[in-house]
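What follows is a single structure, written as structure tokens, with notes after it.
All ligand and atom numbering here is 1-based and tracks the order in the structure. This structure is a prediction, so every number in the text was calculated from the model and none was measured.
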Amino acid sequence: MPILEWLNKGEAIKTADRVPYRLLQADSELSYGEPNGNMLIKGDNLEALKALLPYYKGQVKCIYIDPPYNTGSAFEKYDDNLEHSTWLSLLYPRLELLRELLNENGLILISIDDREHAYLKVICDEIFGRSNFVCTFIWEARSGQGNTIGHIAENHEYILCYAKNIQEVSFKKITNVANKGNYSDEKGSYKREQLRQWGQGDRREDRPTMYYAVTAPSGEEIYPFRPDNTDGRWRVSKAKMDELIANNDVDFVKDENGRWLLYKKIRDGRVTYSAHGTLLTKIGTASTATIELKELFLGIKIFDTPKPEVLIQHLLNLVTNENDLVLDSFLGSGTTAAVAHKMNRHYIGIEMGEHAITTSIPRLKAVIDGEQGGISKAVNWQGGGGFTFYDLGETVFDENGNINPKVDFKTLASHIWFVETKTPLLQCEKSPLLGVHNETAYYLLYNGILGDKKVDGGNVLTSKIYEALPNPKEPFSGKKIIYGEASRLSSAKLKELNITFKQTPYDVKAR
Ligand SMILES: C[S@@+](CC[C@H](N)C(=O)[O-])C[C@H]1O[C@@H](n2cnc3c(N)ncnc32)[C@H](O)[C@@H]1O
């Protein structure tokens, strides 16, 4: 597969692996409402995403990001080659981490404009796999002339869409309820829809089962020819056609040339489903987003590049349901979090700028208090819920590879479980037994977990400590991996008990 090369790509590829694990520190002063798992994180998203991995790998249903578009404003001295490469190197490792956080049935959507769209597509193909490309949405971002690049008014933006695994993702359909029709029979009024498919691309050989004879009320046999008597086929299978005719849901009509046309009756209130389209027009614009945000902040323009709530609602609606987890790692003014909150989705928002505090927090507080802007009325938003605010704290390991003394049991347990099993530790009771994965039980002796009051009490594996360890639920005959500061058991004894001992911190891998 062709791939993109740029200055320092080699470094960009290693970045996600090299970035240290940091602790996430909750700040109760800046949190609001009931703590229900929603997270607002202030910090560089590279480190924040890495910090989330041990807890949320494979858990996120939908990611929306709206990264800076590389408009040349980020650097004092604009050098296209340097800036272009820097931008790609910024995105690449973050997309790799985002991919790891996505659930197998999850979807990622990325806003972008014309400058980098083609390049972003190529690196996304590399990271997510070309076969997982879903589509590029085109959003009408400006209804008027828009920003003029050269001689052309740019009034659209793109939203690139990839599945984690195209086989697993399940897209919702648009529900259409038929309006009152111009025709009627004993069952009521209805509209008509042609049952013959005769476009140039509708070749009979592609769907041979859709070509068959239907018997007209006169007894004649009707075939779905095109007007020029060549190709053509029915829209439905023979079985479906028979069912429609039996239910009196087909109109047989002769055209001016005396040829039979068949119409399906679409009755009032009848619900049909269709796939979402790629063209997103009349789904808010950049200026409706600005107005939306201004209304929340007493008419003051507080943030330059927000997205309208209705656009994010449309995107989240493609695959998510209530209680699914949504992530935005370029949160900006907090639109994705606000919309996810109103749609009863869980969310994680990451933003490194001060506006995480000056804009996202007050916006989400207003949402929790029941503000009625954006999509509130459409979803009948009444307020409620909450979020917890986090800063990025210290690294889990210091530069010598020792465990940071500020790391508590739960944090180290989540980390060890994650590096051993590549799955997040969803529940961590205060127990040295972290869990069983693939016939292996994992234990951690740390911070006196067995109740010993001494600082390092219970962190050394002795016969007594071994006796005190809880056993996995029966039946269990697998291996035990035990992490601790030291082991006093002989290698023969470890072998007899089917234990692999791993020493903290040396055997705790960073990834
Ligand atoms: C285009 S704005 C997003 C706007 C957002 N969609 C909204 O509706 O408000 C991009 C945001 O990404 C943030 N950002 C850029 N680089 C970042 C990084 N490395 N980590 C976290 N946030 C970052 C910027 O501070 C900016 O707020």
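A donor-acceptor contact shorter than 3.5 Å is absent between the side chain of Asp507 and the backbone of Thr504. Judged by distance alone, the side chain of Gln503 and the main-chain N or O of Glu485 form a donor-acceptor pair under 3.5 Å.
Residue Thr336 places every heavy atom at 4.0 Å or more from ligand 1. Residue contacts with ligand 1 include Ser329, since one of its heavy atoms falls under 4.0 Å from the ligand. Note on ligand 1: Gly43 sits in its first shell, one or more heavy atoms being nearer than 4.0 Å.
Taking atom 22 (N) of ligand 1 as the reference point, the nearest protein heavy-atom neighbour is Met352 N, 3.3 Å. The protein atom (non-hydrogen) at minimum distance from atom 10 (C) of ligand 1 is Asp66 O, 3.3 Å. Scanning all protein heavy atoms for the shortest distance to atom 20 (N) of ligand 1 gives Asn45 N, 2.9 Å.
In summary, the aromatic rings of His276 and Phe137 are positioned with their centroids too far apart to meet the 6.0 Å limit. The ring of His341 has its center closer than 6.0 angstrom to the ring center of Tyr347. If you look at His437 and Tyr442, their ring centroids are not closer than 6.0 Å. Aromatic ring centroids of Phe397 and His415 lie under 6.0 Å apart.
Shown in contact with Leu331 at under 4.0 Å from a heavy atom are these atoms of ligand 1, numbered in order with element: 5 (C), 7 (C), 9 (O). Near Ser333, the atoms of ligand 1 lying under 4.0 angstrom from a non-hydrogen atom of the residue are 7 (C), 8 (O), 9 (O). Remark: ligand 1 atoms within the under-4.0 Å shell around heavy atoms of Thr335 are 7 (C), 8 (O), 9 (O). Of all atoms in ligand 1, listed by their number and element, those nearer than 4.0 Å to a heavy atom of Lys307 are 6 (N), 7 (C), 8 (O).
Among Ile312, Thr305, Ile41, Asp328, the residue whose heavy atom lies closest to atom 4 (C) of ligand 1 is Thr305.
The N/O atoms of Glu351, backbone and side chain alike, include one that comes under 3.5 Å of an N/O atom in ligand 1.
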